[in-house]
Amino acid sequence: MISGYDELNEVQLEAVKATDGPVLILAGAGSGKTRSLTYRIAYLINEKKIKSSEILAVTFTNKAAREMKERVENLLGANIASLWIGTFHSICARILRAESAQLGFTSSFTIYDSDDQVRALKKIISILSVPQQLYSAKMIQSRLSRVKNQFLFPDDLDSESGDGLDEYLPQIYREYQKFLKENNAMDFDDLLIKPIELFDQKPEIRKKYSNKFKYVLVDEYQDTNRAQYLFIKKLVLGHRNLCVVGDEDQSIYGWRGADITNILNFHKDFNDARIFKLEENYRSNGNILQAANAVVGHNTERIGKNLWTRRKKGDKITVYAAQNDMEEAKRIVDVVHEEMYTKKRSFSDIAILYRTNAQSRVIEDELRRNAISYIIIGGVKFYDRKEIKDIVAYLKLIVNPADSISLKRIVNFPLRGIGDTTISKIEKFAEMENISLFNALGRVKEISSISPAMGGRVIEFFNLISNYISLKDELSTVELASTLASETGILHHYQTEYDQYESESKVANIKELFQSIEQFTEERIKNNMESGLASFLEDVSLMADIDSWNNSNNAVTLMTLHAAKGLEFPVVFITGMEMGLLPLQRNSADISELEEERRLLYVGMTRAEENLYLSFARSRRKYASFVQSTPSLFLDEIPVDLLSYTPASREALPQKSNRGKARRKKIQSYFETSDENQVVDDTYKVGQDVYHSTFGKGKIMNLEGSGDKMKITVHFQDEGITKKLIRQYANLSPIEG
DNA sequence: CTTTATGGTTTTTTT
DNA sequence: AACCATAAAG
């Protein structure tokens, strides 16, 4: 018997012991969800004598997986290396590596990130001659990803309905999948889809995994999408030992295809499911919890729960109204100092949250000026930096020579005098010969339109990579990476091609990469796991920013509200509480999107243990100019007696409005009256004459959309051209008469 | 054929 | 302000 079950409350203990059959744990914020899950795994192993290799636990981040594993090991006092625990993506990747041959891939397939996807799509779009002006590759990528997350295939798509892109989508989808297969690559979405396909096509493989994983646990179930749902459903077919944990109020990934109905309808899928509600919050002071409850209580898409705490009420929530974003940042710094001196906080007790990454800049500047150390999660990811991606692309090509996206990324970097034209010729040749682009490089001499001099350069590159391919099993990953960086001249390039400051930071990043490879290898070897180059690359692809964060750094943490999920801090700032920002403008018109914005705020508020500071700015720099804004309607949803306004802000807050219809009307009117574009909207009509500074006089042919993003098609007589312009940037002026 | 300059376009959240 | 695609220069 493991000790410590007295750490659990009654409901938690019941939930831990309900091991067999479907179980839904509705766990409010700070209700000891992780603790319950941890004990449940320990209980299965220790009391029910289930082997750790027979348990599958799915978490939302790799960091959560690592922490949970450590906690279970501490409870058991034993190593549980054979427990499968990780994100959907990493678990699926692991299955796919093992079964890749069944799907016509090799086990060293490459995982394409969204940048790679866009590059691939660009190529396909040009081949299929999809009107590029109308649909950017980026837009198509997100559309396609959404479709794939819903486990839809080209044939499932209705090419007639919706906008013009639907006409092309099935075709793009087919070509894109074909391209991926030729490159021995899968994208993020394939990682989820392919296992399901495999389970459907080969029932014996489904059974194999079903039998292996006798107990399945899924955390953050409210953020699963359809593909993830199907994967789990097929996996537990037969034994049905499935335990899902989630909180519908914390569902914040709808935009990524997460389907809140997965959790709302769990009891319909499994009608004998036992449901446990964890409603006691151990994290936040009373006032904070009450405020958070009040906010999320305005939502309709919820099961509903009554989250309560025995903790003291604590301080009121401070609301600060700043003139502009700089002042907001200054105020944050003041309060950070105040918290440190009066309450003896350390930097690591403090988190500053915001809706969009762009907001961090001003705050960072102010923190730096005041010598407050901070770490920032998100923004430009470490592995997304150019200098890192370049080296990683070399490594990817070495592991998987079929990967033409990585090849094209580096074939002329550092500059080798091999340009686009040459590559297109080789690509054409590869297609004709039905060989990979890499193999075509080796046969460049057979292409008559390429000069011998040029061919020589190509061969040199081909030999370079071939050499590394044969070396890859002899050298360790670090050795490979560092030799590569100096031999190819990448290091030299970054040392010389930039100004000193930039150059130093880029070189430092490259060194950091080497270090993290070493760290990874050590860690993996220690745990008796796959440690080679391929596994490092997979780790890199599936790594989230939060995964490498640890709170032991003595620094203030800056991150988006999304990234804050699952974390807790004594002191939390939520900044930019303005209409248009939180809720974000484009997510405010649709009621269910507005509700997701509200949940996002709820997630942020419930991160705070003792002190919560909310702030907004009346004016904020956006792009290159200042925009005025009004306070977020969400502020209005917090009972006034829980708030303490900084003096200046009281008059800036909206009047408390009536409940019900009046309030909803108010939400709408915010967008009707406060959006000044609406007022200007009748400036532009079809047929209207306009003037443009570069194109001269023109006539409006068509209008699409509204507001800043309105697309205006104008025919310019003088130039004899027709252009589609976005209002925000177009700088058109109407001509009277 | 490659490199550089110019001008047009663009920011939501992320595995 | 920064990034990308295309056009002109080398």
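Below, read A as the first sequence line, B as the second, and so on, with proteins coming before strands; counting in each chain starts at 1.
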side-chain N/O A/N357 vs B/dT11 OP1/OP2, d < 4.0 Å:
no
Per A/R355 side chain, nearest of listed nucleotides B/dT12, B/dT14, B/dT15:
B/dT12
Side-chain donor/acceptor contact of A/W255 with base of B/dT12 under 3.5 Å:
no
Reckon A/D113 touches a base, only the sugar-phosphate, or nothing at all at heavy-atom distances under 4.0 Å?
nothing
Please state how far atom OH in A/Y253 lies from atom P in B/dT12, giving the value in whole angstrom units.
16 Å
Measure from CE on A/M559 to P on B/dT14 and round the result to the nearest Å.
11 Å
Give me the ring orientation class for A/F60 and A/Y253: parallel if the planes are under 30° apart, tilted from 30 to 60°, perpendicular past 60°.
tilted
P atom, C/dC4 versus B/dT13: distance in rounded Å?
16 Å
A/R361 CZ to B/dT12 P, straight-line distance once rounded to whole Å
17 Å
For A/R368, I'd like to know if atom CZ has over 12 heavy atoms of other residues, nucleotides or ligands within 6.0 Å.
yes
Take the protein atom CD of A/E596 and the nucleotide atom C1' of B/dT12, then report the distance between them rounded to whole Å.
11 Å
Testing the 3.5 Å rule here: is there a donor-acceptor pair between the side chains of A/Y602 and A/N299?
no
Provide a list of protein-nucleic acid N or O atom pairs under 3.5 angstrom, restricted to nucleotides 3-5 of chain C.
from  : atom 1 : to     : atom 2 : distance (Å)
C/dA5 : OP1    : A/K122 : NZ     : 2.7

If the cut-off is 4.0 Å, is A/S541 near the phosphate of B/dT15, judged by side-chain N/O to OP1 or OP2?
no
Starting at atom CG of A/L594, determine the distance to atom C1' of B/dT12, rounded to an integer number of angstrom.
15 Å
Which nucleotide wins on minimum distance to the side chain of A/T356, given the candidates B/dT14, B/dT12, B/dT15?
B/dT12
Residues A/E530, A/R97: salt bridge by 4.0 Å N-O rule
no
The nucleotide from B/dC1, B/dT12, B/dT15 with an atom nearest the side chain of A/T87 is B/dT15
Hey, is the side chain of A/T560 poking within less than 4.0 Å of OP1 or OP2 on B/dT14, counting only N and O atoms?
yes
Residue pair A/S619 / A/N324, side-chain donor-acceptor N/O under 3.5 Å
no
Given that A/K138 and A/Q141 both sit by DNA chain B, which one's nearest nucleotide is further toward the 5' end?
A/K138
Check every strand shown and say whether A/T61 touches a base, only sugar-phosphate, or nothing at a heavy-atom separation below 4.0 Å.
nothing
Over-ring placement of A/K194 relative to A/F109, 6.0 Å and 45° cut-offs:
no
Does NZ in A/K386 sit with more than 12 non-hydrogen atoms of other residues, nucleotides or ligands closer than 6.0 Å?
yes
From CZ of A/F60 over to C1' of B/dT13, roughly how many Å is that when rounded to an integer?
11 Å
Set out, line by line, the N/O atom pairs under 3.5 Å between protein and nucleotides 3-7 of chain B.
from  : atom 1 : to     : atom 2 : distance (Å)
B/dT3 : OP2    : A/N412 : ND2    : 3.3

Under 4.0 Å between a side-chain N/O of A/T421 and OP1 or OP2 of B/dT2, yes or no?
yes
Do the side-chain N and O atoms of A/Y494 and A/N509 include a donor-acceptor pair separated by under 3.5 angstrom?
no
Rounded to the nearest Å, what distance is computed from the CG atom of residue A/L584 to the P atom of nucleotide B/dT12?
7 Å
Under-4.0 Å salt bridge between A/D247 and A/K33
no
Please check if the number of heavy atoms outside A/E197 that lie under 6.0 Å from its CD is greater than 12.
yes
Identify, between A/A358 and A/K425, the residue whose nearest nucleotide on DNA chain B lies closer to the 5' end.
A/K425
Test item: side-chain donor near acceptor, A/Q177 and A/K148, under 3.5 Å
yes
Rounded to whole angstrom units, what separation is found between the NZ atom of A/K565 and the P atom of B/dT14?
12 Å
